[in-house]
Amino acid sequence: SQRSILTPSRRRVRAIPGVESASMTTDLPVTHSTRRYVVNIEDRHDESGKGLFSEVTSVTPDHFKVLRASLVRGRYFTEDDDTGKEPVAIVDESAARTYWPDRDPIGRRLSMRSFRGPVNPPWCTVVGVIKDINSDGLDQSGAPHIYRPIYQFPGSRALTKSVTVRTSFS
């Protein structure tokens with residue numbers, strides 16, 4: 001399983017002197033490697049799939065801690081957000097404003113489909129909203145970003161995982 005591969009790798013990285021925390025992700029911030037997905041919003045069928053796109057990144061539960069990404073409301077991912085559990089997602093404030101301009105996104109459902117992905121991707125329940133991370137570059141902002149637990153989407157770019165670390169070095 002994805003967890004059995006990633007957990008030992010993260011454990012080894014965290015054992016390196018000076019490493020405070022480590023996570024794994026399918027896309028590193030500011031690398032422009034994030035893939036765009038077509039987004040469908042459950043309660044906005046009239047607009048879904050018609051120009052609604054988002055950058056989608058799969059991450060381990062500690063990813064937001066490593067990046068010090070502030071939670072605005074809801075919760076972060078946990079180790080329990082695993083295969084076989086209800087699919088969940090975390091959106092950034094730009095996604096929340098874009099997809100639910102007049103509503104709280106917590107508890108709302110969306111689906112994300114890559115251009116080559118399955119026709120009927122699973123619905124994910126939004127469990128958290130984080131502050132925007134300048135993932136697209138320091139001079140870019142405002143693009144919607146959706147994050148999903150890497151354990152729930154094991155096929156997501158299976159061969160390309162990156163490690164993010166927070167160190168105690170100044």
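Counting from 1, the numbers follow the sequence of the chain as shown.
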Heavy-atom pair with the smallest gap, counting every atom of [X] and [Y]:
{"X": "Glu79", "Y": "Tyr151", "answer": "OE1-CE1, 3.3 Å"}
{"X": "Ala143", "Y": "Asp92", "answer": "O-OD2, 3.7 Å"}
{"X": "Val39", "Y": "Ser54", "answer": "CG2-CB, 3.6 Å"}
{"X": "Glu93", "Y": "Lys131", "answer": "OE1-CA, 3.6 Å"}

Looking only at side chains, do Arg148 and Ser58 share a donor and an acceptor under 3.5 Å apart? yes
Under 3.5 Å side-chain donor-acceptor pair for Ser94 and Asp132: yes
Is the side chain of Ser23 donor-acceptor paired with the backbone N or O of Thr60 at a distance under 3.5 Å, no angle test? no
Donor-acceptor pair, distance only, cut-off 3.5 Å: does the side chain of Gln152 make one with the backbone of Glu86? yes
A side-chain contact here means heavy atoms from C-beta on lying under 4.5 Å apart; do [X] and [Y] qualify?
{"X": "Ile146", "Y": "Glu55", "result": "no"}
{"X": "Leu71", "Y": "Val129", "result": "no"}
{"X": "Arg75", "Y": "Asp81", "result": "yes"}
{"X": "Asp82", "Y": "Pro149", "result": "no"}
{"X": "Thr26", "Y": "Ile150", "result": "yes"}
{"X": "Trp123", "Y": "Pro87", "result": "no"}
{"X": "Asp104", "Y": "Arg73", "result": "yes"}
{"X": "Ile133", "Y": "Leu67", "result": "yes"}

Just to verify, what does Ser70 make a side-chain hydrogen bond (donor to acceptor under 3.5 Å, both in side chains) with, not counting sequence neighbours? none
Flag yes if Ile16 and Met24 sit in one hydrophobic cluster, no otherwise; membership is Ile, Leu, Val, Met, Phe, Trp, Tyr, and two members link when side-chain heavy atoms are under 4.5 Å apart. yes
Answer yes if Leu52 and Tyr37 sit in the same cluster of Ile, Leu, Val, Met, Phe, Trp and Tyr residues linked by side chain heavy atoms under 4.5 Å apart, and no otherwise. yes
Hits for side chain to side chain contact (heavy atoms under 4.5 Å, CB included) against Phe64, two or more places apart or cross-chain, chain-then-number order -> Val59, Ala69, Tyr76, Phe77, Ile90, Ile130, Tyr147
Please list, chain by chain and in numerical order, all residues satisfying side chain to side chain contact (heavy atoms under 4.5 Å, CB included) with Arg103, sequence neighbours excluded. Asp43, Trp100, Arg108
What distance do Ile41 atom CD1 and Thr98 atom OG1 have between them, rounded to the nearest 0.5 Å? 9.5 Å
Leu110 side, atom CG; Met112 side, atom CE - distance, nearest 0.5 Å: 5.5 Å
